[in-house]
There are 2 protein chains.
Amino acid sequence: MVKLQKSIEKRNALIKATIELVNNSGFHATPMSKIAKMANVSPATIYLYFDNKQDLVNKTYLDVKAAYTKHAFATYHEEMSVEEGFEIIWKRIADFKLKEGENAMFLAQCDNTPMIDEHSKQEGIKHLQPLLDLWERGKKEGIIKPISDYLLYAYAINPLSFLVVNQKRGVFQLDEKNVLEAYEAAWNSIKK
Amino acid sequence: MVKLQKSIEKRNALIKATIELVNNSGFHATPMSKIAKMANVSPATIYLYFDNKQDLVNKTYLDVKAAYTKHAFATYHEEMSVEEGFEIIWKRIADFKLKEGENAMFLAQCDNTPMIDEHSKQEGIKHLQPLLDLWERGKKEGIIKPISDYLLYAYAINPLSFLVVNQKRGVFQLDEKNVLEAYEAAWNSIKK
DNA sequence: TAAAAAAGAATGAACGTTCATTTTTATATA
DNA sequence: TATATAAAAATGAACGTTCATTCTTTTTTA
């Protein structure tokens, strides 16, 4: 009788390879064989860690989304004022997108294609609850415009994805000055 | 001796089928055979109109992008004030995204994946020049923040894509009230 | 030493594209 | 106006390749 323990490093290598290859070629244009090669693993081994290709990309998506929101809320706590909370979260998100461009680009692709199962997408959305709660509080206190969460998200957070994707493509350079200007634009668009 | 004239209706049917199928399944998951079937055409016929699958999707992208910008600038002319010009263009873009959700969703997928050739993407960007010119003027007149065009685009225009994509997925409903609120958010984020 | 993990080769299905052939179209001729 | 004809347009079947997944065997681990 032996304890079941598949190596977590191998799983991580597979996730990492998936992100890089899907970023460069898209989901259906990256063969399992290539993912296996990049992770230094046999194609058959992938199936010890994931049910199939779809399961691999779903789990990759949820992993990255979890890392993203963990980073976003790391220094936030509910005792903060709405302004301070928003600034902290926004800047942590910007920080994630800047430092982990590959991950951010992968999320953008997932969110704009039919690549990920609807169920996994719904799971991913749940991670953002603390931000929605903060907005709820901001609306109650009359600090944030009383409009839909989707509108708030569209103008406050989502533009960062656009910037990161275009930065990765070499069209645009995000730097500290840009980030401050972007923060100001974000706050101006949602504050009352 | 006979004049060469391939039917434009058939080409349009192929483009339309490509948009719908790629929206639902993604580029690599839509076989040429399916596109052909939806356009009521033999698979081989596609190759009379396009070089190959990649060419088909590139041309589809440029067609949709051209329709998008034509719609956006239809009622704009350079004699307008910056405020008026921006409002007109912004609302025309919103109108396009609302009325032609399929097209808007297709553009969002193209802009966030490696699906389209880099060269075709560059071609697509050129269509937006009138908007960039307007911003240039707005910056000179001190009406618009003196920041990068990408930042302006990210906060003024791009959020609409997010809204349309999420609307199509049934998560969110865009209506006239929302659109007005979104316009206000857009203008607040870029005005000086 | 026995179960778990991993490997590489094999399998069968799906797909983009091409090929050989048929159908349509527009004009030239009677 | 009716017929002939040659090029263009369209077709369905076929080809060769690629890929996800599975199978059998080997290696690792405790």
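Every chain is numbered from 1 and lettered A, B, ... according to where its sequence line falls, protein lines coming before strand lines. Only heavy atoms go into these numbers, but all of them, side chains included; no hydrogens, no water, no symmetry mates.
Rounded to an integer number of Å, the gap from A:Ile46 CD1 to D:dT21 P is 9 Å. As a whole-Å value, the separation of B:Leu48 CG from D:dA7 P is 17 Å. Summarising the geometry, the separation between NZ on B:Lys37 and P on D:dA10 is reported as 19 Å, rounded to the nearest angstrom. Here D:dA9 presents its P atom at 14 Å from CZ of B:Arg11, a figure rounded to the nearest Å. Between the CD atom of A:Glu9 and the P atom of C:dA5 there is a distance of 14 Å, given to the nearest Å. Computed from coordinates, the B:Phe50 CZ to D:dA9 P distance equals 14 Å when rounded to whole Å. Atom-to-atom, NZ of A:Lys10 to P of D:dT29 comes out at 9 Å; the value is rounded to the nearest Å.
Listed pair A:Thr45 / C:dA5 fails the phosphate criterion, with no side-chain N or O lying under 4.0 Å from OP1 or OP2.
Residue pairs meeting the ring pair (Phe, Tyr, Trp, His ring centres under 6.0 Å) criterion with at least one partner in residues 91-139 of chain A, sequence neighbours excluded, are A:Tyr68-A:Phe96, A:His71-A:Phe96.
In this structure B:Phe162 satisfies the ring pair (Phe, Tyr, Trp, His ring centres under 6.0 Å) test together with A:Tyr153, sequence neighbours excluded.
If you check C:dA5, C:dA7, D:dA10 against the side chain of B:Tyr49, the one that comes closest is D:dA10.
Considering all non-hydrogen atoms of both residues, B:Ile147 and B:Lys139 come closest at O-NZ, 2.8 Å.
In this structure, B:Glu123 pairs ionically with B:Lys126, as a charged nitrogen and a carboxylate oxygen lie closer than 4.0 Å. The existence of a salt bridge linking B:Lys91 and B:Glu87 is confirmed by a sub-4.0 Å separation between a basic side-chain nitrogen and an acidic carboxylate oxygen.
Between the B:Asp55 side chain and the B:Asp51 main chain, a donor and an acceptor come within less than 3.5 Å of each other.
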Requested in this report: Report, as a single string ordered 5' to 3', how protein heavy atoms within less than 4.0 Å touch nucleotides 15-23 of chain C: B base, S sugar-phosphate only, - not at all.
Outcome: SSBBB----
